[in-house]
Number of protein chains: 2
Amino acid sequence: MPCGGKGTTGTGRRLRCVADETNTRTLPATSWAVLGLLSFGEELSGYDLKKWSDWSLRFFYWSPSFSQIYSELKRLEKAGYASSRMVAQDTGTRDKRVYRITDEGMAAVREWAREAPVDPPVLKHGPMLRLWLGHLLEPEQMREVLVQHREFSERMRLRAEADAEGAQDEAAWAYPTLTLKWAERYYASERDLAAAMLADIEALAPAPESGTRP
Amino acid sequence: MPCGGKGTTGTGRRLRCVADETNTRTLPATSWAVLGLLSFGEELSGYDLKKWSDWSLRFFYWSPSFSQIYSELKRLEKAGYASSRMVAQDTGTRDKRVYRITDEGMAAVREWAREAPVDPPVLKHGPMLRLWLGHLLEPEQMREVLVQHREFSERMRLRAEADAEGAQDEAAWAYPTLTLKWAERYYASERDLAAAMLADIEALAPAPESGTRP
DNA sequence: CTAGAAGTATTCCTAATCGAAATACCTGCC
DNA sequence: GGCAGGTATTTCGATTAGGAATACTTCTAG
């Protein structure tokens, strides 16, 4: 029963969840991701943030869109968790607005990282959804989906590996490096899982090429 | 450049993507998931569909909410991919509307499963996001997050294992059984990855209890 | 030298999705 | 007799996704 309300039945009136202005830990996960990006201390524009999240977060947390990053920044500023200023750029390029985390923001994101309940990861595995519908596919098409997924996984693994190597020297990146190592193993596992399923399919419906040796 | 349009610049007028009534393969992924559920041939209500997807899809594809399932069903019916009828229930219980896939729906979902491009899975790994922010946590809290995630993964693995066992006898469930086996391995890997990261953290910041033996 | 591609930077709009709550009726248990 | 819990669906607001528009710059190929 959210909103802490008990007596919402009875009148039929519309009741709004007012989110209790003092209770600020109720931001959506993506806000925390953006604030987390800022918690490393640099002053960044929305565009920078998008690039950072594409590079680092994307291995384990779907990178938010531009529009969302910009609206999160506005929300964070309104909440007092970030401050911004315009900077004029040297030559030509358009002025930009850069954001910096505030002390309140630091305290809030630290509290979130420490205290929030651990919820299950969200996975939307398109390739598996299609394989689940195997009765609609020819074995050859199932293989094709898996081969492509295996290749994608290996590309991701290589990228995580390269990024981990690039990050391991900076002490400030110790924990991001740890998660990059995790990502390296995760994508290695995805690759191997695809290979294992390929073998399972082979067992169910042997490909014309294989197993025909005399 | 979507909508196939080239000359959208120039007027400033608002242009709508009309989605080309004839080109029907442009449904969102969740529509295909629901149609896929129906493609096994049974006549199901929205409520049934929600339960099915909670049981089977959830291992690899985030289960859609009731509201979305019901609106997808309406969309599928309007597109001619599903038909529905009301059934009165024997004793008491409220009437319900059950949906069945049409031949067009079968053809469309088959085409989607066969021809759609293989796109990368979407992962939003909350626990990793928090570990990525390790500079905000005490080692003890990092361990706590990982331990909980490891336990969650093992619970999911056990459920996938149990479901796979229950499904393996029906020939019609051959492919769903294959993806359940995949899920079993996937969650085993998640569990092991959590354990490995726990070990990495141990190496970075030894727990007071451990390594103090003389 | 000039058109266009690509990068920087931000905003707008729409559709997709979530999740809680409202509604409604039944069964079973204490 | 009441209430917890399962079936069944709708409604609403908030969140999230992601393309398109805008605008200005630099680089590059013809």
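Every chain is numbered from 1, with letters handed out A, B, ... down the list of sequences. As the structure is a computational prediction, the values presented were derived from the model and not from experiment.
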Could you give all pairs that pass the salt bridge (Lys or Arg N to Asp or Glu O under 4.0 Å) test and reach residues 113-129 of chain A, with sequence neighbours left out?
->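 Applying salt bridge (Lys or Arg N to Asp or Glu O under 4.0 Å) to every pair that reaches into residues 113-129 of chain A, excluding sequence neighbours, yields A:R114-B:E138.
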Starting from the 5' end of DNA chain D, give me the residue, B:V122 or B:V98, whose nearest nucleotide shows up first.
->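 The answer here is B:V98.
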How do A:R75 and B:D48 order along DNA chain D: which one's closest nucleotide is nearer the 5' end?
->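 The answer here is B:D48.
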Ionic contact status for B:E190 with B:R157, cut-off 4.0 Å =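 Here B:R157 does not pair with B:E190 in a salt bridge, since their nearest N and O are not under 4.0 Å apart.
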Starting at [atom1] of [X] and ending at [atom2] of [N], how long is that distance when rounded to a whole Å?
X	N	atom1	atom2	answer
B:Y47	C:dA24	OH	C1'	13 Å
A:D54	D:dA17	CG	C1'	14 Å
B:Y61	C:dA16	OH	P	13 Å
A:L27	D:dT15	CG	P	9 Å
B:W32	C:dT17	CH2	C1'	18 Å
A:K50	C:dT11	NZ	C1'	15 Å
A:R58	D:dG18	CZ	C1'	15 Å
B:D95	D:dT10	CG	P	13 Å

Please list, chain by chain and in numerical order, all residues satisfying side-chain hydrogen bond (donor to acceptor under 3.5 Å, both in side chains) with [X], sequence neighbours excluded.
X	answer
A:D48	A:S45
B:S65	B:S67
A:D54	A:K50, A:S63

For the side chain of A:P28, starting at C-beta, report the closest nucleotide among D:dT16, C:dT10, C:dT17.
->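 From the listed options, D:dT16 comes nearest.
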B:K124 vs D:dA17: side-chain N/O to OP1/OP2 distance below 4.0 Å =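 So the side chain of B:K124 is within the cut-off, an N or O lying under 4.0 Å from OP1 or OP2 of D:dA17.
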Please name all residues satisfying salt bridge (charged side-chain N to carboxylate O under 4.0 Å, His left out) with B:E72, sequence neighbours left out, ordered by chain then number.
->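 In terms of salt bridge (charged side-chain N to carboxylate O under 4.0 Å, His left out), with neighbours along the sequence ignored, B:E72 is linked to B:R75.
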For DNA chain C, find the residues of residues 62-74 of chain A with a heavy-atom distance under 4.0 Å and give them by number; none if there aren't any.
->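 By residue number: A:F66, A:S67, A:Y70, A:K74.
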Which word best sums up how the rings of B:W52 and B:W173 line up, parallel for under 30°, tilted for 30 to 60°, or perpendicular for over 60°?
->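 Taking B:W173 first and then B:W52, their aromatic rings lie parallel (interplane angle under 30°).
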